[in-house]
Amino acid sequence: MAAQSPAELDEIWEKEHVSKILPSNVRHRDLKAYIEGLKKTGVKVAEVGRSFSQREIYQAEFGKGPLKVFLWSQMHGDEPTATSSLIDLFTILQKNRDKEWVKRIESAMTIRAVPMLNPDGSEVYMRRNMQGLDINRDAIDLKSPEAQLLKKLRDEWSPHIGFNLHNQGALTTAGPTAKQAAISFLVVYGDAEKTMNDGHERNRRLASAMVQSIESYIPGHIGRYGDEFTATAFGDNFSAWGTPVILIETGALYGRPEMFLVKLNFIAIGTALKALADGSEKGFDPARYELLPNNSSGRLMNVIFRNASILNKAKPNEVTTADIGANTERRRAEFLSPTVIRRIGSLTGIAGLEEYDASSFYAVGRFQPLTSGSFAEILFYKKDREVDWSVADLEKAVPPDAIFSLGKWIRGEGVVPKK
Ligand SMILES: [Zn+2]
């Protein structure tokens, strides 16, 4: 049997992927260019509906087999990774139709995918649609045109399996650890009682196949998403309506670019399709999925300054020693991401993606006193310096040893030592 290994999927993605824009920077016009590219390679693509603001929503199709596989991405506008993966997937399948593994997929199944279900939200990089509705809480009310469309695409076709593609917070961890959950999976039940059925069991095996395909790339960084039943969400209702769903949530991995996670999505989804096509999914042990650590939160921050002597210029005699923890807000890659102080105090038991030992420094707010909720704009002064804190323009009059601004060192990098 011609197995398409993760390494081979990796290689083919590296050679042939067409997603050249960082996913978080992709606008609807970029999606349209990707769609034109798909059409040129011969992929069947149709406009299947419009968003609230009349932006086109597309569905791509590949294959002519009886098994019906449906995927959709970016129903939350600021969750873009898998949109790029889907464009790459259809491009690569279409261009490799002469290969044995693709022929098998083509004859075993028909794949339909909606990349970017929420183009209005994507345009302004927000979760909700232009009516302010969370499409993923609109599966029953169907007040948004995007939810109506998604329901219609399912009901008219009754796919055998669904893939619901999202992004989760960068600080989500795999289990009670400080390891970011770079990707999390959930095999979604169709009811609160967690009723098992054949489709659900097949999806557990498929999830195991996907975990196996990427775990050597990100050992310890794969989680399982929470499985509470959400009565108004699409994944849960698709499963209830007869299309058992696998949820894939892409997080982040410190030091790794967005495109790396596009590739991992491609490898995982490609592996699932291949395993469905050649029947090898039946050989996967669901335990690999079942034993994933549950997603966890509250154990990780973007940056922590340990044991800083926090000084307020207005009251220089009241110095408090504490840890400062700050998190970076989610923005498009092309925009500066504000970093905001979220905790001041003892952060024992919480890790930082970056940690600094600030014990030899005064930390002073650059524009305003350092408090929870203020921007992490921080001046660092060595504690053995004599500083007149009352001068008018402190930063100019008494240059600090280091300045942390917009999530990075703009002066004196390395002066405050890394932990
Ligand atoms: Zn989401």
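Here the structure is a predicted model, which means the values were calculated and not measured. All ligand and atom numbering here is 1-based and tracks the order in the structure. Sequential numbering from 1 along the given sequence is applied to the chain's residues.
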### Message
Of all the N, O or S atoms in His166, which has the shortest distance to the Zn ion (ligand 1)?
### Response
ND1

#### Entry: Parallel, tilted or perpendicular: ring planes of Trp241 versus Phe238, cut at 30 and 60 degrees
tilted

### Of all N/O/S atoms in Glu79, the name of the one nearest the Zn ion (ligand 1)
OE1

### Task
Scan side-chain atoms only and decide if Asp198 and His200 contain a donor-acceptor pair under the 3.5 Å cut-off.
no

### Message
Any donor-acceptor pair under 3.5 Å linking the side-chain atoms of Asn167 with those of Glu249?
### Response
no

### Query
So, Arg306 side chain and Leu347 main chain: donor-acceptor pair closer than 3.5 Å or not?
yes

#### Entry: the Zn ion (ligand 1) to His76: nearest N/O/S atom name
ND1

